[in-house]
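Letters A, B, ... mirror the listed sequences (proteins, then strands); counts begin at 1.
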Protein chains: 2
Amino acid sequence: MENHNCINCSFKSSAAKTLSKEEFKVIENNSALVFFKKGDIIFKQGALSTNVAYLRTGIVKIHKRGPSREKILRISKSPSYFGIPTTFGNKINQYSATALEDSSVCFIDSNLFQNFIFKNGEFAYKLIVELCENELNDYERYANQSQKQVPGIVAETLICMADKIFNTDRFNFPLTQSELADLVGTSRESISRVLSDFSSNKIIEFNGKEIHILKRDILEQISEKG
Amino acid sequence: MENHNCINCSFKSSAAKTLSKEEFKVIENNSALVFFKKGDIIFKQGALSTNVAYLRTGIVKIHKRGPSREKILRISKSPSYFGIPTTFGNKINQYSATALEDSSVCFIDSNLFQNFIFKNGEFAYKLIVELCENELNDYERYANQSQKQVPGIVAETLICMADKIFNTDRFNFPLTQSELADLVGTSRESISRVLSDFSSNKIIEFNGKEIHILKRDILEQISEKG
DNA sequence: TATAAAGTGTGATTAATATCACATAATCTA
DNA sequence: TAGATTATGTGATATTAATCACACTTTATA
């Protein structure tokens, strides 16, 4: 559970490392590397999906239309696969992916990918392990968030971002407050109030885009209390 | 996405079918079939996990301690695997499983299981597909529930149970109201009130344990509205 | 079968947060 | 750089559902 690099965790590229150089070349030669600007849609819910997406550089959000609004399911930073469930689980994308920073994505043909799974047991096994870790992580967040109040979830999210995406307590926040609301499942206004509150209590510092966690212990306390 | 047989969907045994008779015998001979009574704990969060659990008969709940209460992550009916993520994702169980009805579970040694993945690409591939479907289903429920109010989630849950577990609109409800509260993420009292309300409006009929969906269209409407 | 334990129903109250309304600030874009 | 668009801050109000309290009912168990 240590290799994760996103909120609610996409899996890392460790599976890919089990391929030999030759095998990896086959993948490289048969896949398109595409660059996306911040804000660009990488793939869209409802569209046909025939490729596995592998994030080489950048940060993306995985999101899905809910009954009344958009829900951000996870945020994933490179390197990670992020299109496997939607490609192998269904012919039609069940969620969208959008670049939060300039990003590059390798689209691997799903038949090619399937071939490697068939032929390379170790590769398949690592994929399975990573999908499992992913699921455990979903469960963790799912169990937490349904029992916490807004300040607790926001605190948890900030800590998680610092630890799993940026590896520092000071970073440029990749989301608007509306998006953060869609991630934690609350309203934009509530986010604004919670952040103001954290800020006026000197728990965090933020000016527009940059977040600086000043009192991590208190933030953790708020997160644990709910 | 059609093969599912649980709420928020565990995967079916289709992967196992790709094994030859001989291969399947090896698994059968090296795994223990254990019977559980309603209410028995099958495995427990925090315990060491060295087996993959395959539900042969019965219904189980997968649950996890949250910060303030228990959260039911999914309900799974046979036939299905339900211990893969916790076995391959971590050495320690990240969630518990408890029998909701008398059940029988086949515990397959994880090394043996891993062996089959290594050797049988088709088996591995089907497992991957099913894990992916699982994840998409989690996403679906996750996106829905965070945006619906209690009556909407309860309506959705009842419909889902009727369709995916019992295949009929009249069934013995496998959960207490407290458990249903832990599943949908609300309080026991709210569940009681919502069910009373549905009942007095003749949308459902229920006497203790038996649920009968009388007006499915209205229930669906409530579910969609939120 | 008596007694305990677990589960359920329902009113009153409280608390959290959604919603509405609008002001202000930042940022795109022609 | 002007004007438009998008993002944010904040008060007032409404609403949903949590919590508390307790009666009642069903189910276990000695």
Proximity to DNA chain D (any heavy atom under 4.0 Å), residues of residues 189-196 of chain A only = A:Glu189, A:Ser192, A:Arg193, A:Ser196
When rounded to the nearest 0.5 Å, the distance separating CD of B:Gln145 from CG of B:Leu183 is 6.5 Å
Send over the distance from A:Lys209 NZ to D:dT6 C1', rounded to a whole Å.
-> 11 Å
Does a side-chain N-to-carboxylate-O contact under 4.0 Å join B:Glu189 and B:Arg193?
-> no
Is B:Gln177 near enough to C:dG9 that one of its side-chain N or O atoms lies under 4.0 angstrom from OP1 or OP2?
-> yes
Which nucleotide sits closest to the side chain of A:Val150: C:dT17, D:dA17, C:dG7?
-> C:dT17
What's the CG-C1' distance between A:Asp182 and D:dA7, to the nearest Å?
-> 14 Å
Within 6.0 Å of NZ in B:Lys209, more than 12 heavy atoms from elsewhere = yes
Separation of A:Lys148 atom NZ from D:dA17 atom P, in whole Å?
-> 22 Å
For A:Glu179, what residues pass the salt bridge (Lys or Arg N to Asp or Glu O under 4.0 Å) criterion, not counting sequence neighbours?
-> A:Lys61
In sequence, state the C-alpha distance, the side-chain angles, and the governing distance for B:Phe113 and B:Tyr54, and then conclude on ring pair (Phe, Tyr, Trp, His ring centres under 6.0 Å).
-> CA-CA 11 Å; B:Phe113 200 76; B:Tyr54 176 72; 9.3 Å; no
Could you check how far CZ of B:Arg188 sits from C1' of C:dG9, rounded to whole Å?
-> 8 Å
Just call it for B:Ser187: base, sugar-phosphate, or nothing, with non-hydrogen atoms closer than 4.0 Å on any strand.
-> base
Pair A:Arg170 + A:Glu210: basic N to acidic O under 4.0 Å | yes
Atom pair distance, as rounded to whole Å: CG in B:Asp197 and P in D:dA17 = 12 Å
Here the ring pair (Phe, Tyr, Trp, His ring centres under 6.0 Å) pairs for residues 176-226 of chain A, sequence neighbours left out, are none
Protein-nucleotide distance (A:Gln147, atom CD; C:dA16, atom C1'), rounded to Å = 17 Å
Gap between atoms CZ and P, on A:Phe206 and D:dA7 respectively (whole Å) = 15 Å
To the nearest Å, give me how far apart CD1 (A:Ile153) and P (C:dA16) are.
-> 14 Å
